[in-house]
Amino acid sequence: EPTYETLLVERTGRTALVTLNRPRVLNALSLKVMHEVVAATELLDRDPGVGCIVLTGSAKAFAAGADIKEMAPQGPVDMYLTDWFAAWDRLAQLRTPTVAAVAGFALGGGCELAMLCDVLLAADTAVFGQPEIKLGVIPGIGGSQRLTRAVGKAKAMELCLTGRIMDATEAERAGLVSRIVPAADLLDEARAVAETIAGMSLPIAMMAKEAVSRAFETTLAEGVRFERRLFHAAFATADQKEGMTAFIDKRPPKFQHR
Ligand code: CO8
């Protein structure tokens, strides 16, 4: 496993845990963090031995946003030439399912990073928001789009226009997070979810991820057609035969990820 300056990466069986590790600045997302998260997750994504990637921060902060000190002096030409934050989009292209395990602050880029993951688990200490407007900017890693799709216009508008922070309960009710768990159990729960996903057939899990993700990109009719093609393709896998045979034989399936 390569080592990183701003991350810890740990593998257990078929799952990987990527932990943001800049505690002194509440995991502020510098360009270095962006490049390391993208490099680490893309490397894991290419490994068929990895069936699920968990992304987490610390107890106090998943991430308190983009690194304000790094951004403050930037001018538009430099931002444009660097294509500031564009590499974060590559997280949405990962094929391996990802789980965000969020405790504490998930603000600005932190909230956007959590929304780039497939499953979003929140500790009861988690808080979410897009407070960029208070700094004189707007969300820059997809927040205005993904938050709106996740929670609807009313709440997304309010959060983006006022910078108000919502707690885990409100985020769960609004549909931003799949589940709230006690803070002390967050990592165990996230690992358990990851192990469950990683225990499924990898190509089938990828298809499920692709199909759900497509719902954000297209019309209902096109999305249903896309799903049907993948559903049919699933029957080309050995794992479909194994999964259905195991059910009929009343035994657990042994997926080969083929
Ligand atoms: N960037 C850099 N440093 C940060 C950040 C950040 N986002 N957040 C916290 N820190 C640093 C603080 O400066 C402080 O450092 P130091 O000890 O050197 O002063 C340290 O982390 C601890 O922070 P606090 O002392 O503030 O901790 P508190 O517990 O008092 O407060 C808060 C925690 C409420 C989270 C507070 O730190 C805060 O409001 N942080 C900023 C939150 C925010 O506004 N996030 C949005 C950032 S903008 C963004 O994410 C996207 C911008 C899109 C731009 C698009 C460009 C293309």
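We count ligands from 1, going down the list as the structure has it; atoms in each ligand are counted the same way. Please read all numbers here as calculations on a predicted model, not as lab measurements.
Remark: R214 qualifies as a cation-pi partner of F226 under the 6.0 Å distance and 45° angle criteria applied to the six-membered ring.
Using a 4.0 Å cut-off to heavy atoms of G140, the atoms of ligand 1 that qualify are 53 (C), 55 (C). For ligand 1, the atoms lying closer than 4.0 Å to a non-hydrogen atom of F85 are 54 (C), 55 (C), 56 (C), 57 (C). Every atom of ligand 1 with a heavy atom of L135 under 4.0 Å away is listed here by number and element: 44 (O), 47 (C), 48 (S). Within ligand 1, the atoms closer than 4.0 Å to a non-hydrogen atom of I138 are 53 (C), 54 (C), numbered from 1 in the order shown. Within the listing of ligand 1, atoms 20 (C), 21 (O) sit less than 4.0 angstrom from a heavy atom of R24. Heavy-atom contacts of G108 reach the following atoms of ligand 1: 46 (C), 50 (O) (cutoff under 4.0 Å).
Under a cut-off of 6.0 angstrom, the local environment of CD1 in I138 is sparse, with at most 12 non-hydrogen atoms contributed by other residues, nucleotides or ligands. Applying the 6.0 Å contact sphere to CE of M79 captures more than 12 heavy atoms from other residues, nucleotides or ligands. Heavy atoms from other residues, nucleotides or ligands lying under 6.0 Å from CZ of F235 number more than 12. Around CZ of R164, the count of heavy atoms belonging to other residues, nucleotides or ligands within 6.0 Å exceeds 12.
For atom 12 (C) of ligand 1, the nearest protein heavy atom is 4.0 Å or more away. Within the 4.0 angstrom cut-off, atom 41 (C) of ligand 1 has one or more protein heavy-atom neighbours. Within a 4.0 Å radius of atom 25 (O) of ligand 1, the protein contributes no non-hydrogen atoms. Within the 4.0 Å cut-off (strictly below), no protein heavy atom is located near atom 30 (O) of ligand 1. Checking atom 17 (O) of ligand 1 against the protein gives no heavy-atom contact under 4.0 Å.
Nearest non-hydrogen protein atom to atom 36 (C) of ligand 1 is L26 CD1, 4.7 Å. Of all protein heavy atoms, the one closest to atom 52 (C) of ligand 1 is E132 CG, 3.5 Å. Scanning all protein heavy atoms for the shortest distance to atom 38 (C) of ligand 1 gives L107 CD1, 4.9 Å. Shortest contact from atom 21 (O) of ligand 1 to any protein heavy atom: V25 CA, 3.2 Å. If you check which protein heavy atom lies closest to atom 32 (C) of ligand 1, you get F105 CZ, 4.1 Å. In terms of protein heavy atoms, atom 15 (O) of ligand 1 is closest to K69 NZ, 3.8 Å.
Between P139 and ligand 1, no N or O atom pair is found at a separation short of 3.5 Å. For the pair K60 and ligand 1, the shortest N or O to N or O distance falls below 3.5 Å. Of the N or O atoms in G109, one or more lie within a sub-3.5 Å distance of an N or O in ligand 1.
Side-chain atoms of D239 and S201 include a donor-acceptor pair closer than 3.5 Å.
For A208, there are no side-chain contact (heavy atoms from CB on, under 4.5 Å) partners at least two apart in sequence or on another chain.
When the options A66, A106, A72 are ranked by their closest heavy atom to atom 6 (C) of ligand 1, first place goes to A66.
Minimum heavy-atom separation, A123 to L186: N-CD1, 3.8 Å.
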